[in-house]
Amino acid sequence: ATKAASAMWVKNHQLSGTSFEAAFMASEEYLKQLNSKLEKLAEMIHGDTVNEGGVSYDDITSWPNLRRLTIAKGVLWPEKLRKYLLYMEDLCDVPILEVMAI
């Protein structure tokens, strides 16, 4: 995308109650909150999938949301969640986004 296109997108898609600049400046606090919640989420993972019975609707809804977070630098993935991400990456043949992390 061109710089003009990027600027237009930002202008037309402001976050409710804040700006992208303010949100970016608060990244450290947001990461701290996220990392804390990921620790709790990791306790809910059963092996390679969310549920003990194997791949389920919970994985269909959970994995894409977690995958989106892999584009953010500074996310501390608990070992159980990291294994889950890599298992689902392989199963779905859709890469996580860490190589593009910003």
Side-chain angles (χ1 to χ4, degrees):
T2 66
K3 287 185 180 187
S6 294
M8 182 62 72
W9 192 92
V10 168
K11 179 181 177 232
N12 291 328
H13 295 87
Q14 288 299 311
L15 302 171
S16 178
T18 191
S19 67
F20 283 106
E21 293 80 14
F24 189 74
M25 295 303 291
S27 292
E28 192 171 323
E29 178 56 33
Y30 294 148
L31 281 169
K32 186 191 292 187
Q33 292 174 29
L34 174 63
N35 289 333
S36 173
K37 292 183 187 308
L38 290 176
E39 287 289 338
K40 293 175 185 173
L41 180 61
E43 297 171 11
M44 300 177 202
I45 301 293
H46 295 277
D48 292 332
T49 60
V50 173
N51 295 312
E52 294 177 81
V55 176
S56 69
Y57 186 75
D58 290 331
D59 296 294
I60 293 168
T61 58
S62 299
W63 186 71
N65 290 314
L66 291 171
R67 179 181 173 264
R68 285 185 198 103
L69 297 174
T70 65
I71 201 162
K73 282 186 182 176
V75 176
L76 303 176
W77 293 100
E79 184 178 346
K80 212 172 187 183
L81 273 179
R82 178 101 181 118
K83 286 181 179 179
Y84 173 73
L85 283 169
L86 296 175
Y87 174 79
M88 293 302 290
E89 173 187 47
D90 185 56
L91 182 68
C92 298
D93 196 24
V94 177
I96 57 176
L97 308 169
E98 289 177 327
V99 296
M100 298 181 283
I102 52 172

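Residues: numbered from 1 along the sequence shown. The structure presented is a predicted model; accordingly, all values stated were derived computationally and were not measured. FYI, side chains are in, hydrogens and waters are out, and symmetry mates aren't considered; it's all heavy atoms of this structure.
For Glu79, the CD atom counts as loosely surrounded, since its 6.0 Å shell holds 12 or fewer non-hydrogen atoms of other residues, nucleotides or ligands.
To the nearest 0.5 angstrom, Ser27 atom OG is 12.5 Å from Lys73 atom NZ. The CG atom of Asn65 lies 12.5 Å from the CD1 atom of Ile60; values are rounded to the nearest 0.5 Å. Atom CG of Leu81 sits about 11.5 Å away from atom CG of Leu76, to the nearest 0.5 Å. The distance from the CZ atom of Arg68 to the CH2 atom of Trp63 is 10.0 Å, given to the nearest 0.5 Å. How far CG of Leu85 is from CD1 of Ile96: 5.5 Å, rounded to the nearest 0.5 Å. Separating the CD1 atom in Ile45 from the NZ atom in Lys80 is a distance of 7.5 Å, to the nearest 0.5 Å.
Hydrophobic clustering of Ile, Leu, Val, Met, Phe, Trp and Tyr side chains at less than 4.5 Å, counting indirect connections, keeps Val99 apart from Ile102. Following chains of ILVMFWY side-chain contacts shorter than 4.5 Å, one cannot reach Leu97 starting from Leu38, and the two form parts of different hydrophobic clusters. Cluster membership check: Met44 shares its hydrophobic cluster with Tyr87, using side-chain heavy-atom separations under 4.5 Å among Ile, Leu, Val, Met, Phe, Trp and Tyr.
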Report the C-alpha separation of Leu86 and Lys83 in whole Å, then their side-chain angles, then the decisive distance to 0.1 Å, and conclude whether the side chain to side chain contact (heavy atoms under 4.5 Å, CB included) test is met. CA-CA 5 Å; Leu86 296 175; Lys83 286 181 179 179; 5.9 Å; no
Output, in order, the C-alpha distance, side-chain angles, deciding distance and verdict of side chain to side chain contact (heavy atoms under 4.5 Å, CB included) for Phe24 and Tyr30. CA-CA 9 Å; Phe24 189 74; Tyr30 294 148; over 6 Å; no
Stepwise side chain to side chain contact (heavy atoms under 4.5 Å, CB included) check, Trp77 with Leu66: CA-CA 10 Å; Trp77 293 100; Leu66 291 171; 4.1 Å; yes
Using side chain to side chain contact (heavy atoms under 4.5 Å, CB included), reason through Met88 and Asp59 one step at a time and then give a plain yes or no. CA-CA 8 Å; Met88 293 302 290; Asp59 296 294; 3.9 Å; yes
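A pairwise comparison of heavy atoms in Ala5 and Thr2 identifies N-OG1, 3.0 Å as the closest pair. Ala101 and Ala72 get closest at one heavy-atom pair: CB-C, 4.2 Å.
By the 4.0 Å N-to-carboxylate-O rule, Arg67 lies too far from Glu98 to be salt-bridged with it. Using a 4.0 Å cut-off between a side-chain N of Lys or Arg and a carboxylate O of Asp or Glu, Lys32 and Glu28 do not qualify as a salt bridge.
Using modelled atom types, one finds no donor on one side chain facing an acceptor on the other under 3.5 Å when comparing Asn51 with Tyr57.
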